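The figures that follow rest on heavy atoms only: side chains count, while hydrogens, waters and symmetry mates do not. Remember, it's a predicted structure, so these values are computed and weren't measured experimentally.
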Amino acid sequence: MKKVFNLLLIYVVICFNSKANAQDFTERNKQILEIADNINEYYIFEDVANQLSKKLKSEIDLKTFDNLTDAEFAKSLSSYLTKNGNDLHFNVLYRPGKEEEKAVNEKELLKKYDAINKQWNYGFDKVMRLDGNIGYIEYTGFPEGNKSAQQILVATMNFVSNTNALIIDLRNNRGGDGKMVRLFLSYFFNERIKLSEIYTRYNNKTEEKYTYKKVNGKKYLDKPVYLLVNNNTISAAEALAYNLQQNKIAKVIGDKTYGAANPVKVFFIGKKYQLFIPISVEKNAVTKTNWEHTGINVDEKVNSEKALIKAQIIALKNLLKSNTKTELTENEIKEKILKLEKQL
């Protein structure tokens, strides 16, 4: 979905725009009304949309948001919508600046976001080989799945292609683009499979999502995969973990995830705010449900700070059990396991 933007990028952008402007109450009320109307029209669940829209409009008379700077208003409204809408994907970001006063052009915005994503290597923080020939990928966000992002994904998957097992670190991955999720998932399936159905209320359409049969790098098939998660594993990151877990491809290790599943659409309010409204509900093809509110139940619960150690222990034990050849002798692997267990 083109209008689903990378949460990682947005997080970066707001960090660069922390200085608040003076407020304009009349303008503020217009913004509240616009936000309330958008929620009423687009939010996925009609009954909640109606109630939340009415409640938000009532806050104008109560002057709930009057004595806040623009940045404070965005932060306060995010918490308000999340709480009263009971949906973790609501978000409001303050985006001041001269360029935002121009008419918003999606193509220009994507170009700008891509420049930022490039600075973050498209979310791929680390890729390395651990003892026992275990691959490790630290992935911190899902950028738009454009050509540049795909090239980094290809290089990463090629790097780990000869390893005996793979650990993907999704701790603190705040999500992002759905296309990048499907591209990443496609490396773990031999055939094209159906991932989910996504229903959108405002246009009454249902869309089916599938993996891609062909990828540009080497697929990672029939080998153990371990996913590290925590409470800051959000949205698209949860989608990657949930799909691999439910298709019995990967074990999930760490703490329960955040619990944000409903896809969002971004709206530009008053030339200074970005409003994220969950507009669709996604049903996984295996479970016929999703992880909204519940988060993903981990297969191995451990303090997320120790999740990598736990994953290495499990992977090494599995290598011993399967008599997999590595650069280490059997005794060396056993010694490595003992050292790691002392760190738990």
Side-chain angles (χ1 to χ4, degrees), residues 121-142 149-173 180-181 183-191 211-212 214-230 233 237 240-241 243-254 298-344:
N121 197 35
Y122 297 94
F124 289 94
D125 245 34
K126 294 178 184 174
V127 54
M128 63 176 77
R129 192 187 71 86
L130 304 175
D131 290 344
N133 199 25
I134 298 168
Y136 172 79
I137 299 170
E138 184 178 352
Y139 192 43
T140 57
F142 292 77
Q150 290 183 45
Q151 287 175 340
I152 304 301
L153 175 60
V154 169
T156 299
M157 293 308 295
N158 285 346
F159 180 88
V160 300
S161 62
N162 294 315
T163 56
N164 296 317
L166 179 60
I167 298 170
I168 303 175
D169 195 342
L170 297 172
R171 292 174 294 181
N172 305 314
N173 185 314
M180 196 63 179
V181 175
L183 285 166
F184 208 158
L185 283 170
S186 300
Y187 280 83
F188 300 95
F189 295 91
N190 192 35
E191 300 292 335
T211 58
Y212 300 95
K214 293 183 178 179
V215 295
N216 292 325
K218 295 181 179 179
K219 288 195 173 186
Y220 204 89
L221 304 173
D222 304 321
K223 290 189 281 191
V225 179
Y226 308 96
L227 304 172
L228 312 185
V229 299
N230 62 10
T233 302
L240 184 79
N243 278 285
L244 290 179
Q245 181 193 52
Q246 295 304 322
N247 283 282
K248 304 188 184 308
I249 290 173
K251 297 289 186 185
V252 180
I253 300 169
V298 297
D299 299 297
E300 291 284 345
K301 184 171 177 57
V302 63
N303 184 320
S304 63
E305 294 181 358
K306 304 270 179 87
L308 177 56
I309 297 171
K310 184 68 174 179
Q312 286 180 273
I313 293 171
I314 295 172
L316 289 169
K317 285 183 176 178
N318 191 50
L319 293 178
L320 283 176
K321 186 178 179 181
S322 59
N323 293 316
T324 302
K325 296 291 184 183
T326 80
E327 83 283 12
L328 302 177
T329 65
E330 181 176 326
N331 285 336
E332 287 174 331
I333 292 178
K334 289 179 178 177
E335 289 176 7
K336 179 72 178 176
I337 291 172
L338 286 174
K339 288 182 180 178
L340 289 168
E341 287 178 335
K342 289 179 181 178
Q343 297 176 43
L344 280 179

Mind listing the closest non-hydrogen atom pair of [X] and [Y] along with its distance?
{"X": "N318", "Y": "P224", "result": "ND2-CG, 3.2 Å"}
{"X": "A165", "Y": "A315", "result": "CB-CB, 4.5 Å"}
{"X": "I249", "Y": "V225", "result": "O-CB, 3.8 Å"}
{"X": "I167", "Y": "A311", "result": "CD1-CB, 3.8 Å"}
{"X": "L227", "Y": "A241", "result": "CD1-CA, 3.4 Å"}

Just how far is it from atom [atom1] of [X] to atom [atom2] of [Y], taken to the nearest 0.5 Å?
{"X": "N164", "Y": "L319", "atom1": "CG", "atom2": "CG", "value": "5.5 Å"}
{"X": "M180", "Y": "L240", "atom1": "CE", "atom2": "CG", "value": "10.5 Å"}
{"X": "T326", "Y": "L328", "atom1": "OG1", "atom2": "CG", "value": "4.0 Å"}
{"X": "I137", "Y": "M128", "atom1": "CD1", "atom2": "CE", "value": "11.0 Å"}
{"X": "T329", "Y": "K334", "atom1": "OG1", "atom2": "NZ", "value": "9.5 Å"}
{"X": "E305", "Y": "R171", "atom1": "CD", "atom2": "CZ", "value": "8.5 Å"}

If you define the side chain from C-beta out and look only at heavy atoms, does anything of [X] sit under 4.5 Å from [Y]?
{"X": "K223", "Y": "L166", "value": "no"}
{"X": "I134", "Y": "L316", "value": "yes"}
{"X": "D125", "Y": "D169", "value": "no"}
{"X": "Y220", "Y": "I168", "value": "no"}
{"X": "L185", "Y": "L244", "value": "yes"}

Side-chain donor-acceptor distances from residues 149-160 under 3.5 Å, at least two apart:
| unit_1 | atom_1 | unit_2 | atom_2 | d |
| --- | --- | --- | --- | --- |
| Q150 | NE2 | G145 | O | 3.0 |
| T156 | OG1 | I152 | O | 2.8 |
| N158 | OD1 | K218 | N | 2.8 |
| N158 | ND2 | V154 | O | 3.4 |

Report summary line: With N172 as partner, the option from T233, T140, N230 fulfilling side-chain hydrogen bond (donor to acceptor under 3.5 Å, both in side chains) is N230

Query raised in the report: What pairs with Y139 under ring pair (Phe, Tyr, Trp, His ring centres under 6.0 Å), at least two apart in sequence or on another chain?
Result: F124, F142, F184

Non-neighbouring partners of [X] that pass side-chain hydrogen bond (donor to acceptor under 3.5 Å, both in side chains), sequence neighbours left out:
{"X": "S186", "value": "none"}
{"X": "D299", "value": "Q245"}
{"X": "Y187", "value": "none"}

**Report entry** Heavy-atom neighbours of K306 NZ exceed 12 at 6.0 Å
**Finding:** no

Which side-chain N or O atoms in residues 335-344 pair as donor and acceptor under 3.5 Å with protein atoms at least two apart or in another chain?
| unit_1 | atom_1 | unit_2 | atom_2 | d |
| --- | --- | --- | --- | --- |
| K336 | NZ | D131 | OD2 | 3.2 |
| E341 | OE2 | K317 | NZ | 3.2 |
| Q343 | NE2 | K339 | O | 3.4 |

Query raised in the report: Taking E327 for the side chain and G132 for the main chain, is one N or O donor matched with an acceptor at less than 3.5 Å?
Result: yes

